[in-house]
Amino acid sequence: MNTGRISEEAEVVVVGGGPGGSTLATLVAMRGHNVVLLEKEKFPRWQIGESLLPSTVHGVCRLTGVADEIAKAGFTKKRGGTQLWGANREPWTFAFSVSPKMTGETSYAYQVERSKFDQILLDHARHMGVDVREQHEVADVSSDEDRVRGVSYTDADGNQGTIHAKYVVDASGNKSRIYQRAGATRQYSEFFRSLALFGYFEGGNRLPQPNSGNILSCAFDSGWFWYIPLTPDLTSVGAVVRRELASKIQGDPEQALMALIAECPMISDYLRDASRVTQGEYGELRVRKDYSYANTKFWRPGMVLIGDAACFVDPIFSSGVHLATYGALLAARSINSVLAQTVDEDTAFREFEQRYRREFGVYYEFLVAFYDLNVNEDSYFWSAKKVTKNTSSELQSFVELVGGVSSGEAALPATESADHYKRRSSEFSSAVDQLVANKEQSMVPIIKSSIVKSAMQEGSKEQARVLLGQDAGSEKPLFAGGLIASPDGLGWSLPSA
Ligand SMILES: Cc1cc2nc3c(=O)[nH]c(=O)nc-3n(C[C@H](O)[C@H](O)[C@H](O)COP(=O)(O)OP(=O)(O)OC[C@H]3O[C@@H](n4cnc5c(N)ncnc54)[C@H](O)[C@@H]3O)c2cc1C
């Protein structure tokens, strides 16, 4: 092992380069801050969580500027979901386009191979000025009585280093080793105590058009299956079984998965001509258990938790990447506002935690109702309306909840709002761009140049108003006495009286 010790400074250190980490890092770098992202693996790397929501691809990803890159990648379009679920023994389908918040170009999401999707997000973070370092594993955080002060890591050559930072972001996923350092304990859900056994198949059937890209979820006696069409030929298939039936996935995983498939006629039928992939990143059968939890705290001074490091709820409606990227947006706003000294730390992070917990809580409460298999879909639609307090129809409330756009968050609903923020951000950048007359392709020199940095940092709110005009949007605070998004969507503002 190399004994070299490196000591550095950064404004923000992000631990983990999944969707949460790379989104947060990008949104903070867009305000001109110095961000280092440490990722333990060498990308591309496999990850579960392949079915996305419109809120992620048209909301947060448009704001970070990566949406067009994702659109070019050729991922399968997911227009909604098809379920064999509840008292109705026929499959029923919902389309995102039912909601006026997800019309036209925003009425779909994607089914993604995560190794490719996560790589695009991480490369984009790099392009936007984040100092991304792969094969850097964070061992611990350093702190004193007042706040967290930085991290220690080991790189691929065995070099150990420390980075002192104003903020450490734990985006290191469900296996986080450092979340406790925010003073948090993880509380596992008693209700969602399940196990998943999953693998990949080639040659599986597809739902009839226009639903061939939908996620298919099928309930059966021991639990439920997901069936996600990743490419025309490749399908992700997973069985989720209740904890008291854990014995069904013990022993040989191949036999266990085949026995579970045999219990579920619709999945058996869809896989009748398919063969299981046995090589490469999709060759392994994997098991995950006890995966629904929330931490007691999401932040302490100097440290914030996002994505699976903070909370995760059962995957039935594919909310994991949505919660991770939404949490990243909220935390980035808080960090940006505190660094710009426009909002004090306590107020900024209280706003983050309240909004994040609310979104998690809405999914949690709805999913508890969804697991009642003795009722039909109308009852699920009604539950969605109840938990989201939506004033639209039951069906629309359901579709907005499972599309990730029911939070009341202006940046998420559709391209229109995310575009509004993005336009504001880019008008601001190009106004400054003209000042420095920089012709480089990459945003890095522009964002890092001191003139831009100081222009972006000094009283960012007031300067943005001057450059962008008085268009702060008409957003209302989500909580009494709370904050609203700033004009560029990257920070918080006080609502005007
Ligand atoms: C069975 C199952 C099915 C799921 N299906 C879906 C789905 O269909 N759709 C969906 O949206 N979500 C789904 N999810 C959830 C999804 O996998 C996660 O919510 C999502 O990946 C969280 O993103 P993240 O950025 O928080 O963490 P991750 O994607 O886990 O990224 C964390 C990163 O941190 C790195 N890291 C870890 N430790 C360190 C360290 N010490 N130092 C440096 N780097 C580190 C890791 O290598 C990793 O790259 C599913 C989850 C389960 C369990």
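This chain uses plain numbering: 1 for the first residue, then up along the sequence. First listed ligand is number 1; within each ligand, the first listed atom is number 1.
- Residue-ligand proximity, E137 to ligand 1, at heavy-atom distances under 4.0 Å covers atoms 41 (N), 42 (N).
- Judged purely by distance below 3.5 Å, without hydrogens or angles, the side chains of S247 and Q250 never pair a donor atom with an acceptor atom.
- In terms of protein heavy-atom proximity, atom 51 (C) of ligand 1 is nearest to F312 CZ, 3.4 Å.
- Scanning all protein heavy atoms for the shortest distance to atom 18 (C) of ligand 1 gives D308 OD2, 3.2 Å.
- Distances below 4.0 Å separate heavy atoms of G320 from the following atoms of ligand 1: 10 (C), 11 (O), 12 (N), 15 (C), 19 (O).
- Considering backbone and side-chain atoms alike, G21 places every N or O at 3.5 Å or more from each N or O of ligand 1.
- Annotation: cation-pi geometry satisfied between R286 and W46 (NZ/CZ under 6.0 angstrom from ring centroid, within 45° of ring axis).
- For ligand 1, the polar-atom distance check against W226 finds no nitrogen or oxygen pair separated by under 3.5 Å.
- Close approach of ligand 1 to R114 (heavy-atom distance below 4.0 Å) involves ligand atoms 17 (O), 20 (C), 21 (O), 29 (O).
- In this structure, the protein non-hydrogen atom closest to atom 42 (N) of ligand 1 is V138 N, 3.0 Å.
- Contact annotation for E50 and ligand 1: only backbone heavy atoms (N, CA, C, O) come within less than 4.0 Å of the ligand.
- Protein heavy atom closest to atom 14 (N) of ligand 1, with residue, atom name and distance, is G49 CA, 3.6 Å.
- Heavy-atom proximity to L38, at under 4.0 Å, picks out these atoms of ligand 1: 43 (C), 44 (N).
- In this structure, Y110 has its ring center under 6.0 Å from that of Y108.
- Which parts of ligand 1 touch G20 is read off a 4.0 Å heavy-atom cut-off, strictly below it: atoms 25 (O).
- Partners of H136 by ring-ring contact (aromatic ring centres under 6.0 Å, His included), not counting sequence neighbours, listed by chain and number: Y153.
- The line from CD of E377 to CH2 of W85 is 13.0 Å long, rounded to the nearest 0.5 Å.
- Residue R45 approaches ligand 1 through these ligand atoms, each under 4.0 Å from one of its heavy atoms: 29 (O), 31 (O), 48 (C), 49 (O).
- Residue G16 approaches ligand 1 through these ligand atoms, each under 4.0 Å from one of its heavy atoms: 33 (C), 34 (O), 35 (C), 44 (N).
- At a heavy-atom distance under 4.0 Å, atoms from both the backbone and the side chain of P19 approach ligand 1.
- Note: W92 and F398 have tilted aromatic rings, judged against thresholds of 30 and 60 degrees for the angle between ring planes.
- Using the six-membered ring where Trp is involved, Y293 and F312 have ring planes that are tilted, between 30° and 60° apart.
- Annotation: the span from R31 atom CZ to R333 atom CZ amounts to 10.0 Å, rounded to 0.5 Å.
- Between the CH2 atom of W492 and the CD1 atom of I335 there is a distance of 12.0 Å, given to the nearest 0.5 Å.
- The aromatic rings of F198 and W226 lie tilted to each other, with the angle between the two planes from 30° to 60°.
- For atom 30 (O) of ligand 1, the nearest non-hydrogen atom of the protein is Q47 NE2, 2.7 Å.
- Residue I48 has at least one N or O atom closer than 3.5 Å to an N or O atom of ligand 1.
- The nearest protein atom to atom 38 (N) of ligand 1, hydrogens excluded, is given as S172 CB, 3.5 Å; this is a heavy-atom distance.
- The closest non-hydrogen atom to atom 2 (C) of ligand 1, taken over G307, P315, G327, S176, comes from P315.
- In this model, a donor atom of one side chain and an acceptor atom of the other lie less than 3.5 Å apart for T93 and T82.
- Ring geometry for F94 against F96 counts as perpendicular: the plane angle is over 60°, on a 0 to 90° scale with 30° as the lower cut.
- Residue R288 places no N or O, backbone or side chain, under 3.5 Å from any N or O of ligand 1.
- Ligand 1 lies less than 4.0 angstrom from a heavy atom belonging to A171.
- With a heavy-atom cut-off of 4.0 Å, H136 touches ligand 1 through its backbone alone.
- Nearest-residue assignment for atom 47 (O) of ligand 1 (options H322, K40, E39; heavy-atom criterion): E39.
- Less than 4.0 angstrom separates some heavy atom of A324 from each of these atoms of ligand 1: 23 (O), 26 (O).
- A salt bridge is defined here as a Lys NZ or Arg NE, NH1 or NH2 lying under 4.0 Å from an Asp or Glu carboxylate O, and E400 with K101 meets this definition.
- Y227 and Y270 have perpendicular rings, their planes meeting at more than 60° on a 0 to 90° scale where under 30° would count as parallel.
- Close N/O approach between S51 and ligand 1 is found [any backbone or side-chain N/O within under 3.5 Å].
- Taking distance alone, with nitrogen or oxygen atoms compared against 3.5 Å, V321 approaches ligand 1 more closely than that limit.
- Just one residue in the list E8, E41, E39 forms a salt bridge (Lys or Arg N to Asp or Glu O under 4.0 Å) with R133, and that residue is E8.
- Counting only heavy atoms of the protein, atom 27 (O) of ligand 1 lies nearest to G173 CA, 3.7 Å.
- Here the protein heavy atom with the shortest distance to atom 31 (O) of ligand 1 is G18 CA, 3.5 Å.
- Defined by atom type and a distance below 3.5 Å, a donor-acceptor pair is missing between the side-chain atoms of D233 and T231.
- Of the inter-residue distances, the one linking S407 atom OG with H322 atom NE2 reads 6.0 Å to the nearest 0.5 angstrom.
- Contact between E41 and ligand 1 is present, with at least one heavy atom of the residue lying under 4.0 Å from the ligand.
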